[in-house]
Amino acid sequence: MLPERPITPSTLSRKDLPWQIKWDINTCTKCGRCTSVCPVNAIELGVFRKRDVKPPMGLNAKPTTEFFTYYGIRQRTDPAYACIGCAMCNMVCPNNAIEPNRQYDSTTLQFQNNRGGQPRTRGGRRNNSESLLDQIKFIRISMLTDPALDAGRHEFDVRTLLGRVLSPEAEIKCFRENGWKPPVREIYPLVIGGMSFGALSPNMWEGLQMGVAYLNEEMNMPVRMCTGEGGCPPRLLRSRFLKYVILQIASGYFGWDEIIHAIPEMKEDPCAIEIKYGQGAKPGDGGLLMWYKVNKLIAAIRGVPKGVSLPSPPTHQTKYSIEEAVAKMIQSMSMAWGFRVPVYPKISASSTSLAVLNNLVRNPYAAGLAIDGEDGGTGAAYNVSMNHMGHPIASNLRDCYKALCVAGAQNEIPLIAGGGIGKHGNLAANAAALIMLGASMVQIGKYVMQAAAGCLGSEKDRCNVCNIGVCPKGITSQDPRVYRRLDPEKVAERVVDFYLSFDTELRKVFAPLGRSTSLPVGMSDALGISDKDAADRLDIKYVI
Amino acid sequence: MCRLFALTSRDPVSPMRAIDALNVMKEGHDGSGVGLFLSGLGGPWEELKEYPILSGIFTDEGLSRMSDYMTKNGFQPKYSATFTPDVEPPGGTPRRGTYASIAFKIPDGWKGMAEDQVSRNLVQMRLNLRAMGEESGDIMVFSFWPDTIMIKEVGDPLAIADYLKLDREELQARHILAQGRQNTNYAINLYACHPFFIEGISTMTNGENTAFVPIREYLMSRGVTGYQGYQSDSEVFTHIAHYATKRLGLDISAYKHVITPMNDDEMRDHPDREFLSDLKRACRKLIIDGPNCVIGCLPDGSMFMAQDRKKFRPGVVGGNPELGIYGFSSEICGLNAAIPDRDRTKDFQPMHLDTAIVGPDCREVLQCSQKDPLRPQL
Ligand code: SF4
Ligand code: SF4
């Protein structure tokens, strides 16, 4: 380093970065692929100058000094260009000459990544590797059934109900009097949660839709996918595939125009309408689609100018209270489709979840409640929201389910749980645990990106640049040069793969519990955990 | 596995006939307990059809606390059949005191009360008594209902029958449910012993009800007096039968549509498909997910048997219309022992879609399939 190089409070060395690039001069072919693929320009071609001293043999000749230059890879230390550990450089390197290494003791960057007074925003999840769901065990292995169920051969009915289910008394009265019945859909209990068309790249979206359609039409699995806020491509709205789609409408009404205009031409009703009031990764915040991703198509669908950031309000300012908001929006959305489509709100898990739920119980048009826990993911949120706000899903869901039990409405308002399901890959176990804690179905987002499209994000702050449109895998980018890396057909294939394997694993959990003809919703007697406090809080067995 | 045996007969018979059948089926149960439900009572009870009978076990202390309570509520004992064993109980059976069945005269104040209300009050009184005895164990009550006696004890059925002299003249009934074996999945407790009873409906079950906890939670949230207790996973079957017939007003042939609804394929061309799929949705929480065989008796004396599709070895129903006697058994050997003179080719083993019903006239086995059109009931 030259002595005159300025050293300021924010000057970082390579050592200060959480991800450090290891580059091997001997195997590098200098093809330049790594620097061109790096999504954040963390590495650049470097010209290095080196002195070589050559001491000759013998005593008389003097040593000579040679200077030469060579080309190599230099990691930038400017916080704005810090390596994100995506390892794309390694992926494209023909010789494995380069790779990022995680340095756990390098925390300096955390104090520096708010340049210009802008707090860090990022995509991804909470970056916390704990998972309560992973600790839950299924302890009630039925050995008294005659014979024990065989997950492979037995007949299973892995379906759940989305929509307001009448109580048996009301159902019979309704049938007798030919009254109005709330719409109910029978669907697969693993739903692809709301990831908007703006957040995901067109290829990713198309891949998911294809996968879902295949599962429905070829595999007889009624899988549903939620659009996320901000509208839906017009062609899908007018296609027969709309029935596999849950349209999300944000409380801020983004993209609503496009949907309204399409209603007269819809061939099918959507599966349901989800009104987004909150999401787990940024409770109290609306969606945040940053300008990088608002291209012409996204701008058109959302009815906004292109290239502007789109922070949607947490809720529409005309709504005075949650009671009013929920009641009004459910009413108007139901009305829009002639009361043929279930409408339910999605909220972030918080200490006010119960209040919302209590509201819904008394609203005959409310079709369910989706609760998103703190581990939920997002396309963009402030770091502080993602890391420090919200409520874990397990206890929040449990509280809600128990409240429904007290009200005698546990069959009537389905609870949809999300947030951190499968964050360590244990999708079926996590989903089964939540179902037994009281969820009628679960929703996943990040897992889909990881499993179906190879998203690189981890719980160790890897990648997480989904917000700035440079997603190295092309999942969350709106730049065709980047997203054409992703083959929609392959995404669809992976969606089908992981759904089928999820289904097998779910049976492997349910069969020994003796459950096959109905989902074990609320079967909490089958759950155990080795944490006494968690066991007490969730009202499940304490096992060590 | 619990062994179940039920008898329904035109003329009153001794419960020993059912106990003997249990004994034949002994291989396969551990002789850990016995429970008996008797209705359509004969002998001295014939004249007392109107009077609710309290059945239970009392210590001397409990007996006097119970009669204080009854008197306080205006109930006068009318007739009682009590039995206090004076011999040593068989090994493993505790000495408990007096086994009593006491018929009471309803207080005048209850005259003119709606039938529903009377039923609820009777249930409430039984629950109050049960609660009174819960701590000290001096009072245990199993039923308080007209024309119904229930007996439960821990031990080998035959030994218990001998100990309690169940062949007494005064114990004669037209409808008998008998179960051998104590609680399987939870702690041993007399209240956990089948058959279970509420408002004239009694059922017993074998197999493991894996959906017990959610069903229990659901029933308890229905706000029905008497949906509580649940020391056994099988008690919910009785309450579901009660809920389906009394609260929802369904016919017993629809019971199976509640606990084990048909799948989509089976329902596809059912004439009542619309109603059945609605019912399936609304009652989804009550799907039992077995494998279970349920045998039960209704207030009018009809008896039924149903099982879910996971039950690989179905029970059997058979009998003799001439003699007017039918048996419901979890094993064929039990039926052979109890009713040897019957046309065995007419024995019916209900499969996963069937409910077998024998009416109070004991003339034939009615076979209802879930595929059949529903009987008019709405
Ligand atoms: S790991 Fe990713 S961000 Fe880091 S240098 Fe390699 S390509 Fe760039
Ligand atoms: S791979 Fe793409 S979607 Fe995954 S964390 Fe990185 S930027 Fe986000």
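Below, read A as the first sequence line, B as the second, and so on, with proteins coming before strands; counting in each chain starts at 1. Keep in mind that what you see is a predicted model, and the values were worked out from it rather than measured.
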For [X], which atoms come within 4.5 Å of any heavy atom of chain B: side chain, backbone, both, or neither?
| X | result |
| --- | --- |
| A:Lys173 | neither |
| A:Asn411 | both |
| A:Arg164 | neither |
| A:Pro168 | both |
| A:Val184 | both |
| A:Ala409 | backbone |

- request: Kindly indicate, with the supporting measurements, whether the criterion side-chain contact (heavy atoms from CB on, under 4.5 Å) is fulfilled by A:Ile172 and B:Leu250.
  value: CA-CA 10 Å; A:Ile172 285 181; B:Leu250 300 174; 3.9 Å; yes
Spacing of B:Asp308 atom CG and A:Thr517 atom OG1 [to the nearest 0.5 Å]: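 With rounding to 0.5 Å, CG (B:Asp308) is 7.0 Å from OG1 (A:Thr517).
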Which region of [X], side chain (C-beta onward) or backbone (N, CA, C, O), has a non-hydrogen atom less than 4.5 Å from a non-hydrogen atom of chain A, or is it both or neither?
| X | answer |
| --- | --- |
| B:Asn263 | side chain |
| B:Arg222 | side chain |
| B:Asp264 | side chain |

Is there a side-chain contact between [X] and [Y] in this structure, where contact means two heavy atoms from C-beta onward sitting under 4.5 Å apart?
| X | Y | value |
| --- | --- | --- |
| B:Pro214 | A:Val521 | no |
| B:Arg284 | A:Leu519 | no |
| B:Phe275 | A:Glu171 | no |

message: I'd like to know whether CD of B:Glu115 has more than 12 heavy-atom contacts from other residues, nucleotides or ligands below 6.0 angstrom.
response: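 Counting neighbours around CD of B:Glu115, 12 or fewer heavy atoms of other residues, nucleotides or ligands fall under 6.0 Å, so no.
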- prompt: Is atom CG of A:Asn178 surrounded by more than 12 heavy atoms (other residues, nucleotides or ligands) closer than 6.0 Å?
  reply: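 For A:Asn178, atom CG is not crowded (no more than 12 foreign heavy atoms under 6.0 Å).
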message: Regarding A:Glu169 and B:Arg247, does a basic nitrogen lie under 4.0 Å from an acidic carboxylate oxygen?
response: yes
message: Tell me whether B:Arg309 is salt-bridged to A:Glu155, with the criterion being a basic N under 4.0 Å from an acidic carboxylate O.
response: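 A salt bridge links B:Arg309 with A:Glu155.
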field: Contact winner vs chain B - A:Leu161, A:Val165, A:Leu404, heavy-atom pairs under 4.5 Å
entry: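 Between A:Leu161, A:Val165, A:Leu404, the count favours A:Leu161.
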